[in-house]
Amino acid sequence: MRESKKARAERVDAILARLDAEYGTEYRCYLDHETPWQLLIAVILSAQCTDARVNIVTKELFKKYRSLEDFAAAELSELEQDIHSTGFYHMKAKNIISCCKDLVEKHGGTVPRELSELTALAGVGRKTANVIRGNVYDDPSIVVDTHVKRISKKLGLTKADDPEKVEYELMEVLPKDHWILWNIHIITLGRTICTARNPKCSQCFLRELCPSAGGMKG
DNA sequence: CTCCCGATAT
DNA sequence: ATATCAGGAG
């Protein structure tokens, strides 16, 4: 049985209402930062690493490197040690130095707003670029990370496996005013209830709206 | 497609 | 021991 378009739209509205009621409608960022370029570096470091670990590392990192110029001039081996515990440290360090050099030399020390300009930076892919666009510039954008992909699929809002396809399918389903918030709400849900291992469906406030929780009939 | 890679929970 | 974590590059 395939869910009708109207039924799905109503279910999405109900899901969004419950997420808003549970988590609020104010955007919060899990990565500590004071400036856009600090957020960019934090997101680069967050690849396959918990945000809690990134925050431990950036707390000291941003004391040591106080500007984009400091990062651009960093010694590779030294920066590798500074970010070691986030994993993938060799590539991340190389990318951060290259990225910050570009920001200083080609973007006047600012973080660009366009998706194409962001993804042209070393270490910045579609997901990282969309975090910047949403959080820094309030441009409606859907961030597809591991949680968003997993939970959007479980909720039956996409069947795609490619993150970019997930992003486009979610754009069809979600109202634009919830694009930015979707990511942060789903991450919050994914860290506490709808975890990758042992999801607590019985405790989930979306269980009656979720095909994977067995809460939907027919 | 493979590789990058440490920390943590289970 | 193994799965997973605010992915991206070659």
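Reminder, nothing fancy here: chain letters follow the sequence lines and each chain counts from 1.
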Peer 1: Taking the nucleotide of DNA chain B with the closest heavy atom to each, which residue, A:R197 or A:Q48, is nearer the 5' end?
Peer 2: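 Nearest-nucleotide comparison on DNA chain B picks A:Q48.
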Peer 1: For the backbone of A:D139 and the side chain of A:S141, can you confirm whether one donor and one acceptor N or O come within less than 3.5 Å of each other?
Peer 2: yes
Peer 1: Keeping A:K92 on the side-chain end and A:T86 on the backbone end, is there a donor-acceptor pair under 3.5 Å?
Peer 2: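 Side chain of A:K92 to backbone of A:T86, a donor-acceptor pair under 3.5 Å: yes, one is there.
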Peer 1: So what does A:N198 touch, heavy atoms closer than 4.0 Å: a base, only the sugar-phosphate, or nothing?
Peer 2: sugar-phosphate
Peer 1: So if I take residues 52-68 of chain A and measure heavy-atom distances to DNA chain C, which residues fall below 4.0 Å?
Peer 2: none
Peer 1: Taking A:T58 for its side chain and A:L61 for its backbone only, find out whether a donor-acceptor pair lies under 3.5 Å.
Peer 2: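 Flag not set: sc A:T58 to bb A:L61 has no pair under 3.5 Å.
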Peer 1: When you match A:A196 and A:G125 each to their closest nucleotide on DNA chain C, which lands nearer the 5' end?
Peer 2: A:A196
Peer 1: Consider only side-chain heavy atoms of I, L, V, M, F, W and Y, link residues closer than 4.5 Å, and tell whether A:L155 and A:F205 are in one cluster.
Peer 2: yes
Peer 1: Hey, does A:L121 reach any base, or is it just sugar-phosphate, or nothing, if we go heavy atoms under 4.0 Å?
Peer 2: sugar-phosphate
Peer 1: When you compare the side chains of A:T158 and A:Y168, does any donor N or O come within less than 3.5 Å of an acceptor on the partner?
Peer 2: no
Peer 1: Does the A:R207 side chain pair with the main chain of A:C201, one donor and one acceptor, at a distance under 3.5 Å?
Peer 2: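 The answer is no, because no donor-acceptor pair under 3.5 Å joins these two groups.
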Peer 1: Is there a donor-acceptor contact under 3.5 Å from the side chain of A:N95 to the main chain of A:M91?
Peer 2: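 Indeed, once roles are kept as given, a pair shorter than 3.5 Å links the two residues.
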Peer 1: Determine the contact category for A:I44: base if any of its heavy atoms lies under 4.0 Å from a base atom, sugar-phosphate if only primed atoms, P, OP1 or OP2 are that close, otherwise nothing.
Peer 2: nothing
Peer 1: For A:I184 and A:G123, find the nucleotide of DNA chain C closest to each by heavy atoms; which residue's nucleotide sits nearer the 5' end?
Peer 2: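 Closer to the 5' end of DNA chain C: A:I184.
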Peer 1: Any chain of hydrophobic side-chain contacts (each under 4.5 Å) joining A:Y137 to A:L68?
Peer 2: yes
Peer 1: Could you list by number each residue of residues 75-107 of chain A showing a heavy-atom separation from DNA chain B of less than 4.0 Å, or answer none if no residue does?
Peer 2: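 Within this stretch, A:H84, A:S85, A:G87, A:F88, A:Y89, A:H90, A:M91 sit under 4.0 Å of the strand.
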Peer 1: So A:R28 and A:T188, side chain to side chain contact (heavy atoms under 4.5 Å, CB included) or not? Walk me through it.
Peer 2: CA-CA 10 Å; A:R28 65 159 292 192; A:T188 309; 5.7 Å; no
Peer 1: Select base, sugar-phosphate, or nothing to describe what A:T128 touches, counting heavy atoms under 4.0 Å on all strands.
Peer 2: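 Result for A:T128 = sugar-phosphate.
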Peer 1: Roughly how many Å is it from NZ in A:K200 to P in B:dA9, rounded to a whole number?
Peer 2: 12 Å
Peer 1: Take atom P in C:dA6 and the same atom in B:dC3, then report the distance between them in whole Å.
Peer 2: 24 Å
Peer 1: Begin with the C-alpha distance, continue with both residues' side-chain angles, and end with the deciding distance and a verdict on side chain to side chain contact (heavy atoms under 4.5 Å, CB included) for A:D20 and A:H178.
Peer 2: CA-CA 10 Å; A:D20 288 353; A:H178 272 78; 2.8 Å; yes
Peer 1: Please find the earliest and latest nucleotides of DNA chain C, in the 5' to 3' direction, that have an atom within less than 4.0 Å of any heavy atom of chain A.
Peer 2: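 Listed 5' to 3', the contact boundaries are C:dT2 to C:dA9.
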Peer 1: By the 4.0 Å heavy-atom rule, please label A:V124 as base, sugar-phosphate, or nothing.
Peer 2: sugar-phosphate
Peer 1: In terms of relative ring orientation, are A:W37 and A:F62 parallel, tilted or perpendicular, with 30° and 60° separating the classes?
Peer 2: perpendicular
